[in-house]
Amino acid sequence: MLGQIIREAAGNLLAAKQRTILALIGIVIGAGSVIAMINVGQMVQQQALLQFQALGPDLVNITIEAGFSARSGAGGGFGGGRGGGQQGGVPPDVALDLIRTVPALVSASPVITASASIVRDGRPVYGQMMAGTAALLDLTGVTMTDGRFVSDIDGSEPFIAGSRGAFEQTFGESDAEPKDPLRVGEALRVGGSLFTVVGTFKAGGYNPLLGFQPSNALFIPLNAARRVSDKPSVRQIIGRMGAGIRPADVERQMGERLALLGRTERASVRSAEELMETMQQQMRLFTLLLGAVGSISLVVGGVGVMNIMLVSVMERRREIGLRLAIGARPREITWLFLIESILLSAVGGALGLILGLGASYIFGSLTSTPFFPSQLAALVGVLVSASVGVFFGYYPARRASRLDPIEALRAE
């Protein structure tokens, strides 16, 4: 019985090709929009997670904040004086002591950040100076292309390692060749000191946990910070936790060590794992929002299906009346029109799936985002399309089943 109804429904749709195609267009565009937007959201989320995982979920960013009893203090280009005043921060020797004596960290580097006056080839240029140890090479995920990274044995020597495109204000990884790349051996004047470039690298993808973008940074030895600031202060430490260690353990051990050293500052720890969880929640909301926006066009397509089904009911009143007169039950009439609507939406959903995945692939190609077909997007798109067929097809089907047979037979 059901098979016969399906065959009749398909025949009726094929008999009204122009009307069927118009209804299909709305469903295809709507389903394609939902699938494309959800799939793009999943692709962006996956790419962001891969960037975090490349540096490792054990990565932590430790901020040295001012304690409640800290007094305000003056500072130079690389931070404030002792204690860092209200800005927090500790001297480099204290930061190195923390790294050596906090067992929760297996690898770490203090980071002193500043925007300094840099002169290159006789002209002023922009550059972000980062003072730290050799551990930053691994912690930031950069790849050396020429020369070497700054070393712990460099002391306060005026050496620099930087991205080849450091002066082009790039953001994130770029395959483009810099127009004026940084070169090993060239000299840069920073403040009153002349620094020599000892290495260039290629920066990885952007990681918000670092608090800075390596592709824009010039790295110098930690003690070389004194060449551009009288009182350099460490307000940030990048490190990796040991196996089984939680960020709370790092924060507790940091606090205990600062107290033993008689410091008033306190340590605040952010981990890559925590940021990944937060980012996943935000991306899920973002994907849900994209799906909701795409669903609007699907609803519009559903309204089109309802209109076309209502027109079909009006045109086929004599047929409906004849069926009812020879013994067809209202439920069978309902199923006949409802299945027509479901078939229309199912075919539109299948074509929309192809359209949505194709749009996602094009987006991935244009933005260098890895493409993958999301099962969630396909499932949601097809299910929502079928649901639209049921929802918007039920009213016309129900209306057809309630027609009076005598009045329907009199219809022209």
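Residue indices begin at 1 and follow the sequence shown.
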*Asks:* Taking atom OG of Ser341 and atom CE of Met306, what is their separation to the nearest 0.5 Å?
*Replies:*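 Separation between the atoms: 8.5 Å.
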*Asks:* Report yes if some heavy atom in the side chain of Ile27 is under 4.5 Å from a heavy atom in the side chain of Phe392; otherwise report no.
*Replies:*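 With C-beta onward as the side chain, the pair stays apart.
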*Asks:* Of all the heavy-atom pairs spanning Met130 and Ala217, show the shortest one and how long it is.
*Replies:*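 Between these two residues, the closest heavy atoms are CG-CB, 3.4 Å.
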*Asks:* If you compare all heavy atoms of Ser109 against all heavy atoms of Ala135, which two are closest, and at what distance to 0.1 Å?
*Replies:*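 Where Ser109 meets Ala135 most closely, the heavy atoms are CB-CB, 4.1 Å.
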*Asks:* For the residue pair Ser151 and Ile153, establish whether any side-chain heavy-atom pair is separated by less than 4.5 Å.
*Replies:*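 Yes, close enough: below the 4.5 Å cut-off.
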*Asks:* How about Val150 and Leu136: do any of their side-chain heavy atoms sit closer than 4.5 Å?
*Replies:*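 Of all side-chain heavy-atom pairs linking Leu136 with Val150, none is under 4.5 Å.
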*Asks:* Looking at Val142 and Ala203, what are the two nearest heavy atoms and their distance?
*Replies:*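 Shortest heavy-atom contact: CG1-CA, 4.2 Å.
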*Asks:* Count the heavy atoms belonging to other residues, nucleotides or ligands that lie under 6.0 Å from CG of Leu366, then report whether that count exceeds 12.
*Replies:*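 Result for CG/Leu366: enclosed.
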*Asks:* So among Arg189, Glu186, Arg227, Glu157, which one has a side-chain contact (heavy atoms from CB on, under 4.5 Å) with Phe195?
*Replies:*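 Running side-chain contact (heavy atoms from CB on, under 4.5 Å) over Arg189, Glu186, Arg227, Glu157 with Phe195 returns exactly one hit, Arg227.
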*Asks:* With side chains defined as the heavy atoms from C-beta onward, is the minimum distance between Ser156 and Arg226 less than 4.5 Å?
*Replies:*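 Ser156 does not reach Arg226 side chain to side chain.
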*Asks:* Could you check whether any side-chain N or O of Thr367 sits under 3.5 Å from a backbone N or O of Phe363, counting only pairs where one atom can act as donor and the other as acceptor?
*Replies:*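 Yes: the side chain of Thr367 pairs with the backbone of Phe363.
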*Asks:* Are there more than 12 heavy atoms of other residues, nucleotides or ligands under 6.0 Å from atom CZ of Phe371?
*Replies:*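 Yes, CZ of Phe371 has more than 12 neighbouring heavy atoms, counting only those of other groups under 6.0 Å.
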*Asks:* Quickly, which of Thr140, Thr133, Leu139 forms a side-chain contact (heavy atoms from CB on, under 4.5 Å) with Ile238? Name it, please.
*Replies:*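 That would be Leu139.
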*Asks:* Do the ring planes of Phe149 and Phe201 sit parallel (below 30°), tilted (30 to 60°) or perpendicular (above 60°)?
*Replies:*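 Plane angle between 30° and 60°, so tilted.
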*Asks:* Between CZ of Arg266 and CG of Leu258, what distance do you get to the nearest 0.5 Å?
*Replies:*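 Result: 11.5 Å between the selected atoms.
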*Asks:* Over all heavy atoms of both residues, which pair between Ser360 and Val40 is shortest? Give the atoms and the distance, please.
*Replies:*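 That would be OG-CG2, 4.1 Å.
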*Asks:* Verify whether one side chain among Gln213 and Ser215 offers a donor that lies under 3.5 Å from an acceptor in the other.
*Replies:*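 On atom types as modelled, these side chains qualify, holding a pair under 3.5 Å.
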*Asks:* Find out whether Phe167 and Asp180 are in side-chain contact, i.e. whether some heavy atom of one side chain is under 4.5 Å from a heavy atom of the other.
*Replies:*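 When only atoms from C-beta onward are counted, Asp180 and Phe167 do not touch, as no gap falls below 4.5 Å.
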*Asks:* Quick one: CG on Asp93 to CG on Leu98, what's the gap to the nearest 0.5 Å?
*Replies:*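 So the CG of Asp93 and the CG of Leu98 are separated by 10.0 Å.
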*Asks:* What pairs of donor and acceptor atoms, side-chain ones from residues 100-107 against any protein atom, are under 3.5 angstrom apart with sequence neighbours left out?
*Replies:*
residue : atom : partner : partner atom : Å
Thr101  : OG1  : Asp97   : O            : 2.6
Thr101  : OG1  : Arg257  : NE           : 3.2

*Asks:* Among Ile35, Val28, Val34, Leu379, whose side-chain contact (heavy atoms from CB on, under 4.5 Å) with Leu353 holds?
*Replies:*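 Output: one option passes, namely Ile35.
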*Asks:* Once rounded to the nearest 0.5 Å, what's the spacing between atom CG of Leu210 and atom CG of Leu59?
*Replies:*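 With rounding to 0.5 Å, CG (Leu210) is 6.0 Å from CG (Leu59).
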*Asks:* Going by heavy atoms in the side chains, are Pro110 and Leu96 under 4.5 Å from each other?
*Replies:*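 In short, these two side chains touch, coming nearer than 4.5 Å.
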*Asks:* Nearest heavy-atom pair of Gly352 and Ala31: which atoms, and what distance?
*Replies:*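 Looking at all heavy atoms of both residues, the closest pair is CA-CB, 4.1 Å.
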*Asks:* OH of Tyr361: more than 12 outside heavy atoms within 6.0 angstrom?
*Replies:*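 Atom OH in Tyr361 is not crowded, with 12 or fewer foreign heavy atoms closer than 6.0 Å.
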*Asks:* Within a strict 4.5 Å, meaning less than it, do heavy atoms of the Val228 and Met129 side chains meet?
*Replies:*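 A side-chain contact is absent here, since even the closest heavy-atom pair is not under 4.5 Å.
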*Asks:* Could you check whether Thr200 and Thr145, counting side-chain N and O atoms only, form a donor-acceptor pair closer than 3.5 Å?
*Replies:*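 Yes - a donor-acceptor pair under 3.5 Å links their side chains.
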*Asks:* I'd like to check the side chain to side chain donor-acceptor pair (under 3.5 Å) partners of Asp154; sequence neighbours left out, ordered by chain and number.
*Replies:*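 Per chain and number, Asp154 pairs via side chain to side chain donor-acceptor pair (under 3.5 Å) with Arg148.
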*Asks:* Is Ile64 close to Val94 at the side-chain level, that is, under 4.5 Å between some pair of heavy atoms?
*Replies:*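 No, side chains not in contact.
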*Asks:* For a quick test of reading the model, state the closest non-hydrogen atom pair linking Ser271 to Val60 and the distance between them.
*Replies:*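 Closest pair (atom of Ser271, atom of Val60, distance): CB-CG1, 4.0 Å.
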